[in-house]
Protein chains: 2
Amino acid sequence: MARVAGVSRATVSRVINGIRNVDPDIQATVLQAIATIGYVPNRAARSLVTRRTGAVALVLSGAGGDEDPSPSPILTDPFFGRVVAGIISFLRPRGIHPVLMFADTEQSRAEVVSYLRQGDADGALLVSTHAADPLPVELVEAEVPAVLFARPTGSVPISYVDLDHRAGAALAADRLVELGRRRVASVCGPLDVPAAQARLAGFQDAMARHGHAYVPYSEGGFTYDSGERAMERLLAERPDLDGVFVANDLMAQGALHALRHHGRSVPEDVAVIGFDDSSAATACRPPLTTIRHPVEDMAAEMARLLLDHIDEPGRTPRSVIFEPALIVRASG
Amino acid sequence: MARVAGVSRATVSRVINGIRNVDPDIQATVLQAIATIGYVPNRAARSLVTRRTGAVALVLSGAGGDEDPSPSPILTDPFFGRVVAGIISFLRPRGIHPVLMFADTEQSRAEVVSYLRQGDADGALLVSTHAADPLPVELVEAEVPAVLFARPTGSVPISYVDLDHRAGAALAADRLVELGRRRVASVCGPLDVPAAQARLAGFQDAMARHGHAYVPYSEGGFTYDSGERAMERLLAERPDLDGVFVANDLMAQGALHALRHHGRSVPEDVAVIGFDDSSAATACRPPLTTIRHPVEDMAAEMARLLLDHIDEPGRTPRSVIFEPALIVRASG
DNA sequence: TTGAAAGCGCTAACAC
DNA sequence: GTGTTAGCGCTTTCAA
């Protein structure tokens, strides 16, 4: 390459990396030569000296069972797609690509840490489906720059983005009260997931502020089926309920079905409020009133934080908490 | 590292790469030293000499609009998750990670080709949402090993996996006839997508074989809403229909809603058969009878083909066509 | 069976 | 403002 342009390799490097102090004429010559021979710099050689790969790992942790070879469940959840979309929207303009990794077993977790230390990627974006995921601690110990999608359990010095789930649930409570509903209940998510806990607690607290001391609830697993079944249990316990807060849209879709099956019309008999504002919310009939969870924005912010940590290794961990919003549609 | 073990770097390299002709004692010493100091080889240095990265690109092409910064639509489609799951199931045991890339514009396509030539990845797995995607040709021209998810339009010397869509549609036709349905119709996918065309043509042909010369159809866009609307058009045109083949499960879900909305019970009044056997099929009420599309297996095969091409650059392109299967549930 | 030595292609001091 | 030089950390002939 340098030969073709008749200059030194150092100059070519300077041109490619846009370093100033290059004579415009020479620069043009080099650019011309690059175009002619279709030169592309070798990434490995560059990484070797810069110690940067220009890639970040997107780690899905706690996804899939221990022996499940296909981590399909989380992947087919629209939530995952939204996270990926958000990350990409931020990373792509910067020429950085996400490398997908799974860490669902002890072994795969070790592999992920090892890959990161090898320099497969400059840092990690971690999305855990389980609380008490040991990966954040392992990443911190390995001194790998990393950012989590939600606050880790325990005290781990690591950056994260999160949603104010309690505030979102309170929005739902306020809405139901505003609609004049007096016999409300909730289909909550799996209570070993902190976000599910926070949504339930936030809902209960807000209802308490409105004078409702007790709110019945039934636990689901964030899936369509579990939402349908949880709704049926609630209906059995409290046939006269007139409002329900469901901790995610997918379960709300199932709940909608259960309600219809039991002859309730929505929102006339029972108002339903979901959570996430995912694609399921608009695919429902009636479309779901729900709480917006700005997953894409959060994912983009997560990427931003990671790049900051990569650029400035010693940096103090930071947290960015997003605010939810009520999205009114037809269901409540 | 070599110093710690008291041997040469060459020997360490041999041990790490499992090359025979290493004295067992020395090997043990080296392994010991590796464990003690927690040594991990540097990937960039290794790639520089081996000219392999141990990564493959997973390229989503034609995803998102030209100006859409967030390629969310395809990402939140469960189809994408299934592809990723299948790819990972094959690649992960081999220590290879997929790097996510989007190629939805002229510019991003050029970037993808450039990244691949730079050695960001050893090859590409291409999933196009549009027919006539120019990327396959560009990849072939750049001599980048690549495998497609579906047969490319035009004649391109490139490997691909595909489903026998026609056979799948025929399975649906046979089932409807077997159920004694005589006034059948179809909600097809966007007819600029080859798979959608093949499903419709396959259905029409099979119905013709059963003596039904004419099959009304209405076109949707593979989304819930479009399925619902297409079903309504069909119902308006042919209120007495008693069987419908919907070209994917998501649209079938919408169709189910339209049917219920118009007072038809499924499968009593109208039998409904979907396509894909996606998670939507079991989330429906009633659960969908559908055509199994082994996306995960196909994606895994795609990865296998790619590794073959990477190992043996000159290899002739190959195609692997998968067979669909009828999955009977409650809707038809 | 092991070691010495030569790069892989690039960037970054450092001199000019 | 540009070229020279020295590596980055590994694999891989080639000798020993």
Side-chain angles (χ1 to χ4, degrees), chain A residues 1-34 36-55 95-96 114-122 142-144 310-311 313, chain B residues 1-34 36-55 95-96 114-122 142 310-311 313:
Chain A
M1 173 60 219
R3 276 190 290 266
V4 177
V7 298
S8 75
R9 296 175 2 199
T11 302
V12 173
S13 177
R14 285 191 264 263
V15 170
I16 287 181
N17 294 295
I19 290 174
R20 52 181 178 292
N21 297 343
V22 179
D23 183 294
D25 283 358
I26 301 238
Q27 174 159 342
T29 313
V30 173
L31 255 20
Q32 175 61 46
I34 288 175
T36 321
I37 67 174
Y39 168 82
V40 278
N42 178 300
R43 270 252 308 182
R46 177 180 278 179
S47 305
L48 188 56
V49 42
T50 61
R51 336 227 82 211
R52 282 291 168 72
T53 68
I96 297 178
S114 165
Y115 280 124
L116 257 9
R117 296 213 311 146
Q118 276 179 250
D120 267 57
D122 299 329
E143 293 182 54
V144 173
I310 289 172
D311 284 343
Chain B
M1 173 59 220
R3 276 192 291 267
V4 177
V7 297
S8 75
R9 295 171 9 196
T11 303
V12 173
S13 176
R14 285 190 265 261
V15 171
I16 287 181
N17 293 298
I19 290 173
R20 54 185 178 290
N21 296 344
V22 179
D23 183 293
D25 284 358
I26 300 234
Q27 174 159 343
T29 313
V30 173
L31 254 20
Q32 175 61 48
I34 288 175
T36 322
I37 67 173
Y39 168 82
V40 278
N42 178 301
R43 268 253 306 187
R46 177 179 279 180
S47 309
L48 186 55
V49 39
T50 62
R51 336 226 85 213
R52 283 290 170 73
T53 68
I96 297 177
S114 166
Y115 280 123
L116 257 10
R117 295 214 308 146
Q118 277 179 251
D120 267 56
D122 300 328
I310 290 172
D311 285 343

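Letters go in sequence order (proteins before strands), and every chain restarts at 1.
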Could you tell me which residues satisfy salt bridge (charged side-chain N to carboxylate O under 4.0 Å, His left out) with D311(A), sequence neighbours excluded, listed by chain and number?
R52(A)
Rounded distance (Å) that lies between atom C1' of dT2(C) and atom CG of D25(B):
14 Å
Report the distance from atom CZ of R117(B) to atom C1' of dG9(C), rounded to the nearest whole Å.
15 Å
Separation of dG9(C) atom P from R51(A) atom CZ, nearest Å, is 19 Å
On DNA chain C, more 5' by nearest nucleotide between D23(B) and A44(A) is D23(B)
Contacts of N42(A) that satisfy side chain to side chain donor-acceptor pair (under 3.5 Å) - sequence neighbours left out
none
Applying side chain to side chain donor-acceptor pair (under 3.5 Å), name anything that partners Q118(B), two or more places apart in sequence or on another chain.
none
Starting at CG of L48(B) and ending at P of dA6(C), how long is that distance when rounded to a whole Å?
17 Å
Report the distance from atom CG of N42(A) to atom P of dG9(D), rounded to the nearest whole Å.
17 Å
Quick tally for nucleotides 11-16 of chain C: nucleotides whose base has a protein heavy atom under 4.0 Å get B, sugar-phosphate-only ones S, the rest -, giving BBB---
Looking only at side-chain N and O atoms, does T11(B) come under 4.0 Å of OP1 or OP2 in dG3(C)?
yes
Between R52(A) (CZ) and dG9(D) (P), how many Å, whole number?
15 Å
Does N17(B) have any side chain to side chain donor-acceptor pair (under 3.5 Å) partners at least two apart in sequence or in another chain, and if so, which?
S13(B)
Holding to side-chain contact (heavy atoms from CB on, under 4.5 Å), I want the full list of residues that pass it with A10(A), two or more places apart in sequence or in another chain.
S8(A), R14(A)
Result for side-chain contact (heavy atoms from CB on, under 4.5 Å) between Q32(A) and one of I34(A), T36(A), V30(A), T29(A) points to T36(A)
